[in-house]
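Heavy-atom basis, side chains included; hydrogens, waters and symmetry copies ignored. This structure is a prediction, so every number in the text was calculated from the model and none was measured.
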Amino acid sequence: MTAALPIPDRLRSVVVTHFGEVGSDWMERLPDLVAHAARVWQLDVGEPYEPGGNVSWVAPVARADGTEAVLKVTCPGHWNFWE
């Protein structure tokens with residue numbers, strides 16, 4: 001992943017439109033949230049899936065042991081019973 005965290009346009013638009021200040025604040029913190037998760041869980045983070053989700057930043061990752069997984073970081077304020 002590049003130094004700047006890629007954020008899909010659709011995700012940015014939906015989160016800021018529907019979550020207002022909470023969404024804007026989350027967008028500002030998102031690079032640090034992803035970096036923290038990568039550091040703590042020893043993940044090699046790939047490019048986010050396009051065209052992007054509606055309330056979550058989602059990307060493929062490789063764990064330290066080489067297994068593949070997915071990292072999903074959801075905007076606060078969004079409640080989904082199934083997550």
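- In this structure, V70 shares a hydrophobic cluster with Y49, V58, the cluster being traced through Ile, Leu, Val, Met, Phe, Trp and Tyr side chains under 4.5 angstrom apart.
- Partners of V40 according to the side-chain contact (heavy atoms from CB on, under 4.5 Å) rule, which considers only residues two or more places apart in sequence or in another chain, are H36.
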- Query: For W41 and V61, what are the C-alpha separation, side-chain angles and deciding distance, and is it a side-chain contact (heavy atoms from CB on, under 4.5 Å)?
  - Reply: CA-CA 10 Å; W41 293 326; V61 297; over 6 Å; no
For a quick test of your reading: what N or O donor-acceptor pairs under 3.5 Å do the side chains of residues 5-20 make, sequence neighbours left out?
| residue | atom | partner | partner atom | Å |
| --- | --- | --- | --- | --- |
| R10 | NE | G52 | O | 2.8 |
| R10 | NH2 | G52 | O | 2.1 |
| T17 | OG1 | S13 | O | 2.7 |

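- By the neighbour-count criterion of 12 heavy atoms within 6.0 Å, atom CZ of R63 is sparsely surrounded, having that number or fewer from other residues, nucleotides or ligands.
- Atom SG in C75 sits 10.0 Å away from atom CG in L33 (nearest 0.5 Å).
- With sequence neighbours excluded, the residues that form a side-chain hydrogen bond (donor to acceptor under 3.5 Å, both in side chains) with D65 are T67.
- Between W26 and V55, the closest heavy-atom pair is CH2-O, 4.1 Å.
- Heavy-atom neighbours of E21 CD from other residues, nucleotides or ligands within 6.0 Å: at or below the threshold of 12.
- Looking at every heavy atom in both residues, P76 comes nearest to V22 through O-CG1, 3.4 Å.
- Not counting sequence neighbours, the partners of A62 by the side-chain contact (heavy atoms from CB on, under 4.5 Å) test are D44.
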